[in-house]
2 protein chains.
Amino acid sequence: MNFKGKPQPVTIPRAAKTLRRTRIQEEKEEQILEAALDVFSASGFRGSTIDQIAEVAGMSKPNLLYYFRTKEAMHRALIDRVLYTWLEPLRAFDAEGNPEEEIRSYIRRKLEMARDFPRESRLFANEVLQGAPHIEDELKGPLKELVDEKAEVIRAWAKSGKIAKCDPYHLIFSIWSTTQHYADFDVQVRAVLGQEHSGEGRFEDAARFLEQLFIGGLRPDRSEA
Amino acid sequence: MNFKGKPQPVTIPRAAKTLRRTRIQEEKEEQILEAALDVFSASGFRGSTIDQIAEVAGMSKPNLLYYFRTKEAMHRALIDRVLYTWLEPLRAFDAEGNPEEEIRSYIRRKLEMARDFPRESRLFANEVLQGAPHIEDELKGPLKELVDEKAEVIRAWAKSGKIAKCDPYHLIFSIWSTTQHYADFDVQVRAVLGQEHSGEGRFEDAARFLEQLFIGGLRPDRSEA
DNA sequence: TGTAATGTTTACCAATCGGTCAAATTATCC
DNA sequence: GGATAATTTGACCGATTGGTAAACATTACA
């Protein structure tokens with residue numbers, strides 16, 4: 001897996017002797033991964049069953065296992081596919097841009113992803129929460145490299161006084177956690193806000209608050225110059 | 001369950017005809033809940049098995065089921081016990097105190113809990129992440145009430161100009177998410193920081209950054225007065 | 001249109017799941 | 001010390017788990 005090049009499908013059905021993927025293969029694999037995302041994101045790997053996924057996908061269990069040999073293979077394929085798009089916002093973080101504007105739009109993009117792709121967020125949350133047994137290598141390798149790279153950008157901004165001096169890693173963690181919170185802890189957020197504030201407006205409220213928090217919190221210290 | 005009074009053990013072993021709890025009961029229940037916390041926090045409810053818990057607890061499965069009739073009962077007891085202490089920091093939030101100092105110490109306390117009780121944090125994270133099927137009532141009732149109360153305090157501080165005008169609910173969410181992140185996403189944090197920064201010092205770094213972020217981000221707007 | 005490759009289903013498997021039962025063991029208390 | 005209650009265990013249950021075998025159906029292509 002890599003974080004910089006585009007992901008490519010690698011699944012080869014068990015019975016397929018040809019190398020070319022048929023139309024049916026594409027459709028069914030799509031259908032299965034869609035269902036798997038539903039189930040894995042809601043119950044985690046261990047808590048999910050092939051039968052559940054098969055039911056959601058609307059096909060028989062053996063049929064599903066024709067396309068993905070094992071439960072692990074399905075999970076693996078799903079993670080591979082989602083990981084690339086999930087890091088898109090961080091990758092877009094531009095060293096040449098205006099720091100305040102870059103941070104603002106990073107927050108906004110992450111928040112949009114939490115709103116539009118909550119299952120993807122929960123898939124990762126479940127995985128990491130349970131010790132990341134299937135993606136540890138990706139975290140320690142490519143993810144760390146990407147974060148290291150962007151942390152260096154932030155550090156440079158701080159050094160040149162464009163933003164306040166701060167630990168870039170913990171800044172990134174904070175943006176991750178605050179934004180993904182709205183996907184991962186959705187039930188709690190809804191419960192606390194109550195019905196009256198649980199509409200889609202809450203994402204606008206969240207965006208406004210988070211921008212205020214981060215832009216304000218990172219404003220260059222006035223006591224130095 | 002209540003969030004304001006102290007929790008009290010209510011488990012009654014299936015075979016116990018007396019009302020008094022014996023020494024053995026106390027010890028074994030303690031032992032079981034300790035093991036259950038290990039397992040549930042690592043795999044979520046659906047992903048955990050009674051056999052796993054029994055093994056960790058060092059006793060036979062039927063013996064464990066003698067003290068807790070069902071898997072649900074164990075989970076319930078665990079949640080009940082942990083929920084009270086988990087909200088202690090928010091409860092300590094003092095309307096009469098100095099706003100900046102209250103927020104600072106709230107962050108610090110939450111961060112300390114993430115460091116000292118990561119399993120408890122993950123237990124809730126797993127539960128909420130998977131739709132909070134067992135604690136929905138607690139979230140919508142007592143938790144919401146507690147948060148509502150503290151949100152009002154924050155709103156008053158903002159109104160009187162002691163801190164910047166902001167949405168108090170999203171402020172609380174942000175503190176929750178940023179601090180608990182270090183428990184719930186521990187593997188990821190370690191992976192990204194690398195071995196060199198994954199020691200206990202990272203909690204000091206995190207505390208410093210978060211205080212800077214929140215105190216700076218909530219500083220009363222200088223353009224008003 | 002025939003046929004070989006691809007796709008689907010039914011029936012099934014051993015292992016594990018949550019949980020029960022009755023018998024055996026241990027602690028408690030008079 | 002003996003009766004009685006509390007605790008522990010091994011054997012077991014039906015349901016569900018991940019996964020297989022092989023027969024059957026469909027598709028693609030010459």
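So that the names make sense, note that chain A is the first sequence line, chain B the second, and so on, each numbered from 1. Because the structure is a prediction, the values reported are computed rather than measured.
Cation-pi geometry between Arg190(A) and Tyr182(A) is not met: the NZ or CZ atom fails to fall both under 6.0 Å from the ring centre and inside 45° of the normal.
In this structure, Asp51(B) atom CG and dT16(D) atom P are separated by 17 Å, rounded to whole Å. Atoms CZ (Arg46(B)) and P (dG18(D)) sit 9 Å apart, rounded to a whole Å. dT16(D) atom P lies 12 Å from atom CD of Gln52(A), rounded to whole Å. What separates CD of Glu27(A) from C1' of dT27(D) is a distance of 13 Å, to the nearest Å.
Note on residues 44-58 of chain A: pairs passing salt bridge (Lys or Arg N to Asp or Glu O under 4.0 Å), not counting sequence neighbours, are Asp51(A)-Lys61(A).
Using a 4.0 Å heavy-atom criterion, one finds that Lys28(B) contacts the sugar-phosphate atoms exclusively. Counting non-hydrogen atoms under 4.0 angstrom, Ser60(A) reaches a base of the nucleic acid.
For dT9(D), the OP1/OP2 oxygens have a side-chain nitrogen or oxygen of Asn63(B) closer than 4.0 Å. Within the 4.0 Å cut-off from OP1 or OP2 of dG7(C), at least one side-chain nitrogen or oxygen of Tyr66(A) is found. Side-chain nitrogen and oxygen atoms of Tyr67(B) include at least one within less than 4.0 Å of the OP1 or OP2 phosphate oxygen of dT8(D). Taking 4.0 angstrom as the limit, Gln25(A) places none of its side-chain polar atoms (N or O) nearer than this to OP1 or OP2 of dT6(C).
Closest-nucleotide positions on DNA chain C for Lys61(B) and Leu64(A) were compared, and the one nearer the 5' end corresponds to Leu64(A).
Considering only the side chain of Thr70(A), dG19(D) comes nearest among dG19(C), dG18(D), dG19(D). Nearest to the side-chain atoms of Pro62(A) among the listed nucleotides dT20(C), dT20(D), dG19(C) stands dT20(D).
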Tabulate below the donor-acceptor pairs under 3.5 Å that side-chain atoms of residues 35-44 of chain B make, not counting sequence neighbours, or state none.
| residue | atom | partner | partner atom | Å |
| --- | --- | --- | --- | --- |
| Asp38(B) | OD1 | Arg119(B) | NH1 | 2.5 |
| Ser41(B) | OG | Leu37(B) | O | 2.6 |
| Ser41(B) | OG | Asp38(B) | O | 3.2 |

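In this structure, Phe203(A) has its ring center at least 6.0 angstrom away from the ring center of His170(B).
Residue-to-nucleotide contacts include no donor-acceptor pair under 3.5 Å from the side chain of Lys71(A) to the base of dG19(D).
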